[in-house]
Amino acid sequence: MVKLFDSHCHLQDPRIYAKVPQLITTALETGVVRFAVNGTSEKDWHLVKQMSNHYPCVVPCFGLHPWFVPERTPNWFATLKAFFESTPSAAVGEIGLDKGSHGKEIDFQDQIEVFRKQLELAKELKRPASVHCVRAFGDLLQIMKSLGPFPHGVILHSYMGSAEMVPDFSQLGAYFSFSGFLMLMKESKAKKMLKSVPFERILLETDAPDALPKSNGVDSLYPVEGDDSLNQSKDASETSDQPKETLNHPANIHNVLKYVSSLLEMREEELADLSYRNAIHLFSYEGSKVQLEENISGLSQLSSKQREPFAVQRNQSSELFKLWLEDLTGCVKAVGADLKQVLIEKRKIIQLSNRFAPLSGCLATLSCEILDQRPHGKFNQIKRAQFSPEKRPQVYQPAPRTSDMALARLARTGFRRSGGAINNSANEKDVFFEGVLTRKCSSPWVENVLVSGNPSHLSNIRKAGQINFWSRGIRISPQSHFPQAERIVEESDPVHESPQYPTLEATKPGEKPRVVVLGTGWAACRFLKGLDTKIYDVVCISPRNHMVFTPLLASTAVGTLEFRSVAEPVGRIQTALSKDPNSFFYLASCMGVDTDKHEVYCETSGSNGLPQEPYRFKVAYDKLVIAAGAEPLTFGIKGVKENALFLREVYHAQEIRKKLLLNLMLSENPGITEEEKERLLHCVVIGGGPTGVEFSGELSDFIMRDVKDRYTHVKNYIRVTLIEANEILSSFDVSLRQYAQKHLTKSGVRLVKGVVKEVHPRKLVLSDGSDVPYGLLVWSTGVGPSEFVKSLNLPKSPGGRIGIDEWLRVPSVEDVFAVGDCAGFVEQTQRQVLPALAQVAEREGKYLVELFNKIGKQNGGKAFSAKDVSLGEPFVYKHLGSMASVGRYKALVDLRQTKDAKGVSLAGFLSWLIWRSAYLTRVVSWRNRFYVPVNWATTLVFGRDNSRI
């Protein structure tokens, strides 16, 4: 049975305090042998102390949680110190910062003041501190940098921050503890974050009675029936699908173990051993109840192939390790030391090198630095002739092999991943003990080997007080000290590097503030068009370099218009992107936003010939406008993404046009059966909204006018079916809906009321069990939040969009705005989420750019500088009406402001003229205002072009 250490829980919580004996007994039976019980306020510190006195397995922790800052007494800090004086075994916790839904109600400056005092106390006492942080990681990092580093550790409990911040926290001494809350994160994001955490800094916790892990129906949970009248759950509404009265049990750490190990692709036993030893190391401070448990098998948890960070060839590495040992043996003997007093027998250490080959690279690097790069200390007396240079590890030889390059990467990045700082070690004072040079080392796994295979050896050395083998902060020589290694660095594979992205740095004092815009849709382009570039520099980031005039996109799919007629280059919309020295357009997708650092993380897509694929970079901003649009809704129906075509982008229309023409030509080939011809030429449109209806109308026009003249052999086989679950054009007036149904039916469009259950490559299945064969399937059922929007750790509106207030700001974060289909009003505004329409997005973009220009004129454009700026009137949307073409020179015009209001409703040829005139005036540039009518005239006179290019 594995041993586990619950690194953070609240067994003193009144909801479960009466059940503590049973909880601890059950947990011990499952292998949970220690519990770090964290107090949260002056009211429960005595309970934690009593529990610690009664249970040897309980590690007490005292701290003032940010939620209880307003309730603190004037003497709270003196009381806290008194508890530590009377309880030498206590650590610090739970302390922290909170800008979440609960914490934002508490003065943040008060939180910072209380937190700093406790963090300083933890450092003074040389104890680890358990930290709660919600949406304040930037503030936390800044405070830790000002007070740190923290050699005795800081636990970031229930860590759900970004992967990008892990290296910074690690260098300051942070450990990362994971609970059931991790299951709330998107799996890909959680996996990326977990894999960025150094192995020796991973902890597991339950945060019981909160953070109940999600149950998949297979893994058993240990439920605790709590008293709702005493409910203090931190995030009870978000922790799981369990009933509110069901609380977390410390034995459920096994479920956390299973989930984390699956994401890390490790065996559960390995992760359990790893996290347990990390916790033992962390809580082994002076006076602690935890005794250090060194065991040379501690390296075993890092030996699996899945967790080897580099592809080192074991046999070659073992040989390198043996050579290192020989050189270091000669080195030690040269100064009169007995190697057996410092190292374990050669046989054991070589066995370890075979089990975990990368370790030999770490030690080989350290020994080479000792032998070659130490001009000071007693080693300068060593006769270098005693050492055989030809035997030294090949990582420093001119001609690197594969394994040598791996060792070079490990030497360069292995300790940095584990939180070690890389600096010039020439300034570090060496400690010499019995003739052996010792180094501060951040990895307990290396320290175990360097010290002894026998635990008694370590205790003797620690008592000597002269060598600090357990210090966290190894410093290794810079690459420039080793020319050969530097060349290997340049040739090595960069995949395993810690992320060092190219960066567009933050603006400096005196420079114009920078606005970063994500997207090139209706809202983004309307914003870009009106932005005053005398006040701002602007950076636009989007996977496409143009705006799409979506109301006319259906016409391009059948050749009524050419594709370039509906695409407007973003450089023409805002010329500063092409001309101004500090304004840029980046063809990339945004992968993440760090609102604390004011940075966005971007990635190019596809094969682009750049040095790295995908190429990643980051951009600093003063103000951020998220206008990333939405994605087609598929409702999770199997086969839609694989087999259907959408109609949102120009390339979608190109795919539809190619597929349609291809099917027409293939159907004329000899030997094609009647049944296959009917399938190939059956065009199915899913969704009866404006886009689906307009495309069906355009398609029927194409069939009536062009197919019958140019594809006479198969003209009787082609047909169009429009499938809608409810009523087509449901937002239009009833009379207009009825007109549309009659007209489409008359034009040859078959209307079917049904729900799609499943989509196959050649047919789709409706909910009534009927099959519908198709040759072309166009899916147009509306839009929903994109994966990018879902991944952002920002407030959400009903429906999952980014939450905004009345001024289009994202609440709880500074300098972030959202507009268009990706944004919706949060519930607190008591406003309805606006529909995903072009006119909504355009109106939001227009309002926001006016707001930005106003802010800029009041010197509020820089980051964190708009708090006292008057924003004026909030955004108000007024609907101007709806229009839709139904084909054959007919259209619908509905000028009602709401669905139930009265207003003008027109249908027919006059409406078609209004439809075309209105959209022609809304086309962005004069160039396209010329192209569009020319295309219309060309189609009218010569018909649609049926070339498949």
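Just so it is clear, the structure is predicted and the values come from calculations on it, not from any experiment.
- Comment: Asp210 engages Arg15 in a salt bridge, judged by a side-chain N to carboxylate O separation of less than 4.0 angstrom.
- With a 4.5 Å cut-off on side-chain heavy atoms, Val131 and Ile155 do not count as touching.
- Remark: Leu182 CG to Lys191 NZ distance equals 13.0 Å, nearest 0.5 Å.
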- [ ] Just do the side-chain contact (heavy atoms from CB on, under 4.5 Å) check on Phe169 and Leu140 with the steps written out, would you?
- [x] CA-CA 9 Å; Phe169 280 122; Leu140 174 62; 3.9 Å; yes

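- The only member of Ile24, Leu47, Asp6 that meets side-chain contact (heavy atoms from CB on, under 4.5 Å) when paired with Leu11 is Ile24.
- Aromatic ring pairs are classed by plane angle as parallel below 30°, tilted from 30° to 60° and perpendicular above 60°; the pair His132 and Trp67 is perpendicular.
- Side chain of Asp44 to main chain of Ser41: a donor-acceptor pair is present (N/O by atom type, distance under 3.5 Å, no hydrogens or angles).
- Judged by distance alone, with hydrogens and angles left aside, the side-chain atoms of Asn278 form a donor-acceptor pair with the main-chain N or O of Phe199 at under 3.5 Å.
- Heavy atoms only, all atoms of each residue included: Met193 and Met160 are closest at CE-CA, 4.4 Å.
- Within the 4.5 Å cutoff, side-chain heavy atoms of Phe115 are placed close to those of Ile143.
- Residues Ser812 and Pro795 have side chains in contact (heavy-atom distance under 4.5 Å, counting atoms from C-beta outward).
- For the pair Asn793 (side chain) and Ser791 (backbone), a donor-acceptor distance under 3.5 Å is absent.
- Looking at residues two or more places apart in sequence or on another chain, you find no side chain to side chain donor-acceptor pair (under 3.5 Å) involving Ser7.
- Listed by chain and number, the residues in a salt bridge (Lys or Arg N to Asp or Glu O under 4.0 Å) with Lys186 are Glu787 (sequence neighbours excluded).
- Side-chain contact check for Thr206 and Asn248: no donor-acceptor pair (N or O, by modelled atom type) lies under 3.5 Å.
- Side-chain contact between Val256 and Glu205 is absent, with no heavy-atom pair separated by less than 4.5 Å.
- Scanning both residues, Leu172 and Leu141, for their nearest heavy atoms gives CD1-CD1, 3.7 Å.
- Remark: Thr87 pairs with Lys49 by the side chain to side chain donor-acceptor pair (under 3.5 Å) rule, at least two apart or across chains.
- Residues forming a ring-ring contact (aromatic ring centres under 6.0 Å, His included) with Phe283 (at least two apart in sequence, or on another chain): Phe5.
- Taking the side-chain contact (heavy atoms from CB on, under 4.5 Å) definition, one finds that Glu124 meets it with Leu121, sequence neighbours left out.
- A distance of 12.0 Å separates CG in Leu203 from OG in Ser179, rounded to the nearest 0.5 Å.
- Annotation for Leu4 and Ala272: closest pair CD2-CB, 3.7 Å, computed over non-hydrogen atoms.
- Leu23 has its side chain within reach of Val224: a pair of non-hydrogen atoms, C-beta onward, lies under 4.5 Å apart.
- The side chain to side chain donor-acceptor pair (under 3.5 Å) check on Asp139 picks up Lys99, with sequence neighbours excluded.
- Remark: Lys43 engages Glu71 in a salt bridge (Lys or Arg N to Asp or Glu O under 4.0 Å) (not counting sequence neighbours).
- Judged purely by distance below 3.5 Å, without hydrogens or angles, the side chains of Glu94 and Ser130 never pair a donor atom with an acceptor atom.
- Side-chain N or O atoms of Gln111 include one that pairs as donor or acceptor with a backbone N or O of Asp98 at under 3.5 Å.
- For the atom pair Tyr285 OH and Arg127 CZ, the distance stands at 6.0 Å (nearest 0.5 Å).
- Applying the salt bridge (Lys or Arg N to Asp or Glu O under 4.0 Å) test to pairs two or more places apart or on separate chains, those with a residue in residues 167-180 are Asp168-Lys597.
- Counting only distance, with no hydrogens or angles, the side chain of His65 and the backbone of Ile95 share no donor-acceptor pair below 3.5 Å.
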Open item on the list: Before you tell me yes or no, could you show the steps for Glu270 and Arg267 under salt bridge (Lys or Arg N to Asp or Glu O under 4.0 Å), namely the whole-Å CA-CA distance, both residues' side-chain angles and the distance that decides it to 0.1 Å?
Closed with: CA-CA 5 Å; Glu270 292 176 338; Arg267 291 191 304 112; 3.6 Å; yes

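- Phe150 and Met144 get closest at one heavy-atom pair: CE1-O, 3.5 Å.
- Residues Gly39 and Gln12 approach most closely at CA-NE2, 3.7 Å, considering heavy atoms.
- Smallest separation of non-hydrogen atoms from Pro21 and Ala18: CD-O, 4.0 Å.
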TODO: Could you walk me through whether Glu187 and Lys192 pass the salt bridge (Lys or Arg N to Asp or Glu O under 4.0 Å) test, one step at a time?
DONE: CA-CA 9 Å; Glu187 184 173 320; Lys192 176 184 176 183; over 6 Å; no

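- Scanning for salt bridge (Lys or Arg N to Asp or Glu O under 4.0 Å) contacts around Lys638 gives Glu758, with sequence neighbours left out.
- Taken from CZ in Arg135 to CG in Asp596, the straight-line distance is 11.0 Å, to the nearest 0.5 Å.
- In this structure the side chain of Leu221 reaches within 4.5 angstrom of the side chain of Pro213, judged on heavy atoms.
- With sequence neighbours excluded, the residues satisfying ring-ring contact (aromatic ring centres under 6.0 Å, His included) with Tyr159 are Phe137, Phe176.
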TODO: Output, in order, the C-alpha distance, side-chain angles, deciding distance and verdict of side-chain contact (heavy atoms from CB on, under 4.5 Å) for Phe62 and Val92.
DONE: CA-CA 5 Å; Phe62 304 123; Val92 179; over 6 Å; no

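- Considering only heavy atoms from C-beta on, Met51 comes within 4.5 Å of Tyr17 through its side chain.
- For Tyr222, the ring-ring contact (aromatic ring centres under 6.0 Å, His included) test picks out His249, with sequence neighbours left out.
- A heavy-atom distance below 4.5 Å is found between the side chains of Arg72 and Val69.
- Side-chain atoms of Ser52 and Lys289 include a donor-acceptor pair closer than 3.5 Å.
- In this pair, Trp45 and Phe83 present their aromatic rings perpendicular. The plane angle is above 60°, beyond the 30 to 60° band.
- The distance from atom SG of Cys61 to atom NE2 of His157, rounded to the nearest 0.5 Å, is 11.5 Å.
- Checked against side chain to side chain donor-acceptor pair (under 3.5 Å), Lys123 has no partners two or more places apart in sequence or in another chain.
- How far CH2 of Trp76 is from NZ of Lys81: 10.0 Å, rounded to the nearest 0.5 Å.
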